[in-house]
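Before any comments, here is the structure.
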Amino acid sequence: MDDSWKSDISTPALVLNYDAMLKNIKTMAKFVKDTGVNLRPHLKTAKMPIVAHMILKEGGANGIAVAKVGEAEIFAQSGIDDILIANQVIDAEHIKRLVMLNKYVLVRCAVDSRKNILDLSKQATKANVELEVLLEINLGLGRAGVEPGEPALELAKFIRDTPRVKLVGLQGYEGHLTPMMNVEQRETMTKECMNWLNETKNLLNENGFNIDYISTSGSATYMHAAMCDGVTEIQPGTYVFSDEHLYRVNPIFDIAVTVLSTIQNQTGKKEFTLDAGTKAIATGDGKPIIKDMPKIKFRVMNEEHTQIKSIGADLEIGQKIELIPAHICPTINLYDYIHVIKNNEYSGKWQIFARGKNY
Ligand SMILES: Cc1ncc(COP(=O)(O)O)c(C=O)c1O
């Protein structure tokens, strides 16, 4: 395959295969069209307004999800007016910014504690704004959320009694099921999680609520979640670019983003060093793999370097090699720009506007 585009890019660099991304976006668009579930892509992965607008226009989405107020601000500034912060907004200054955004744009967030609900209410009352919230339910990930059933009902009643905070739906995220290799087991457990959400919704409605909005799920489990009673919306994010972890469990999405690196040293007959290390590719969730070159073995990864060994590949100094990140989300966050390859040709770079907006 012609990879002359590599010579246009100095390394280490983040590279987007535009056609692969578009294919992923279209695959998800077809799924949501066929099943009727709403799509709210989680933009903490792509972090680029241009990608958000592509998914809203051509990818079947009705709104977007983000993780932080700083991300919500970037996407709101780009004209998107239906945003869910699928996370808690706790810090007093963050709450003030959330309230300010809500004067002009719908930005919901998820809640799971009385203290947070009171803090949101205080600032919303001051600004004369009503904040819409989703009650987050713990589906077993154990990171956030109130327990399903009675504890959720109690907190829902607390929200009902709190001024300027309005409960509009439930959220749950079964991220602990993402790495599960056994598909049947992943499906069964996802359905169990969705059942907790739906039963909680029914319990709330038996107690005078009128909830018909459940937002949930990610790129490895959405296909099971979308089939379950009560689920109205899915929030996958990684599917847009995929990565080594997602590809292992859900290969219908192509790898669309890689880190391009250059061989900068030859340290032995078969040993070489790349110019990309842990500052160029996030390794907290595992090491990257080398794209399309099975005859290279990884040796050691340092800050600025990765040592590799050839087990039959012809390598030379100056050669450019693509690495597939284990986890794309924190890797994207390392770069200001992504280089776009369209139809195998270099077509310039896009700014990653929400890069570093984790506050
Ligand atoms: C609350 C929430 N929803 C959705 C997602 C998207 O999941 P995925 O990246 O597997 O698509 C995440 C990812 O961390 C998340 O935290």
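One-based numbering, in listed order, for ligands and for the atoms of each. The shown structure was predicted, so the numbers you read here are calculated from the model rather than taken from an experiment.
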Checklist entry - How are the rings of Tyr346 and His339 set to each other: parallel, tilted or perpendicular (split at 30° and 60°)? => result tilted
Next on the checklist: Students should be able to answer this: which protein heavy-atom is nearest to atom 12 (C) of ligand 1, and at what distance?
Outcome noted: Tyr173 CZ, 3.4 Å
Checklist entry - With distance as the sole test, does Asn344 use its side chain to make a donor-acceptor pair with the main-chain N or O of Asp2 at under 3.5 Å? => result yes
Item to check | Any Ala110 heavy atom less than 4.0 Å from ligand 1 | outcome: no
Checklist entry - Nearest protein heavy atom to atom 14 (O) of ligand 1, by residue and atom, and its distance? => result Lys44 CE, 3.0 Å
Item to check | Heavy atom of the protein closest to atom 9 (O) of ligand 1 (residue, atom name, distance) | outcome: Thr238 OG1, 2.5 Å
Checklist entry - Thr178 to ligand 1: N or O pair under 3.5 Å? => result no
Checklist entry - Should the heavy atoms of other residues, nucleotides or ligands under 6.0 Å from CG of Asp314 be counted, would the total exceed 12? => result no
Checklist entry - Is the number of heavy atoms from other residues, nucleotides or ligands under 6.0 Å of Glu345 CD greater than 12? => result no
Checklist entry - Does any N/O atom on Ala220 come nearer than 3.5 Å to any N/O atom on ligand 1? => result no
Checklist entry - Counting distance only, does the side-chain N/O of Thr232 pair as donor-acceptor with the main-chain N or O of Ile214 below 3.5 Å? => result yes
Checklist entry - Among protein heavy atoms, which sits nearest to atom 3 (N) of ligand 1, and what does the distance come to when rounded to 0.1 Å? => result Gln235 OE1, 2.6 Å
Next on the checklist: Could you tell me, atom by atom, which parts of ligand 1 come under 4.0 Å of a heavy atom of Gly237?
Outcome noted: 6 (C), 8 (P), 11 (O)
Next on the checklist: Less than 4.0 Å is my threshold; does some heavy atom of Arg143 fall inside it relative to ligand 1?
Outcome noted: yes
Next on the checklist: Quick check: Tyr239 and ligand 1, any N/O pair under 3.5 Å apart?
Outcome noted: no
Next on the checklist: Checking the side chain of Asp112 only, and the main-chain atoms of Gly145 only, is there a donor and an acceptor separated by less than 3.5 Å?
Outcome noted: yes
Checklist entry - For His42, is at least one N or O under 3.5 Å away from an N or O on ligand 1? => result no
Item to check | Short N or O distance, Thr45 and ligand 1, threshold 3.5 Å exclusive | outcome: no
Checklist entry - Tell me: protein heavy atom nearest atom 10 (O) of ligand 1, and distance? => result Ser219 N, 3.3 Å
Checklist entry - Which one holds for Ala67 and ligand 1: side chain close, backbone close, both close, or neither close, with close meaning a heavy atom under 4.0 Å? => result neither
Checklist entry - Any idea how His327 and His245 line up, ring-wise: parallel (<30°), tilted (30 to 60°), or perpendicular (>60°)? => result parallel
Checklist entry - If you count the non-hydrogen atoms of other residues, nucleotides and ligands that lie under 6.0 Å from OH in Tyr247, is the total more than 12? => result no
Checklist entry - Going only through I, L, V, M, F, W and Y residues with side-chain contacts under 4.5 Å, is there a path from Val249 to Ile328? => result yes
Next on the checklist: Show the atoms of ligand 1 that are less than 4.0 angstrom away from any heavy atom in Ser217.
Outcome noted: 4 (C)
Checklist entry - Crowded around Met180 CE? As in, over 12 foreign heavy atoms under 6.0 Å? => result yes
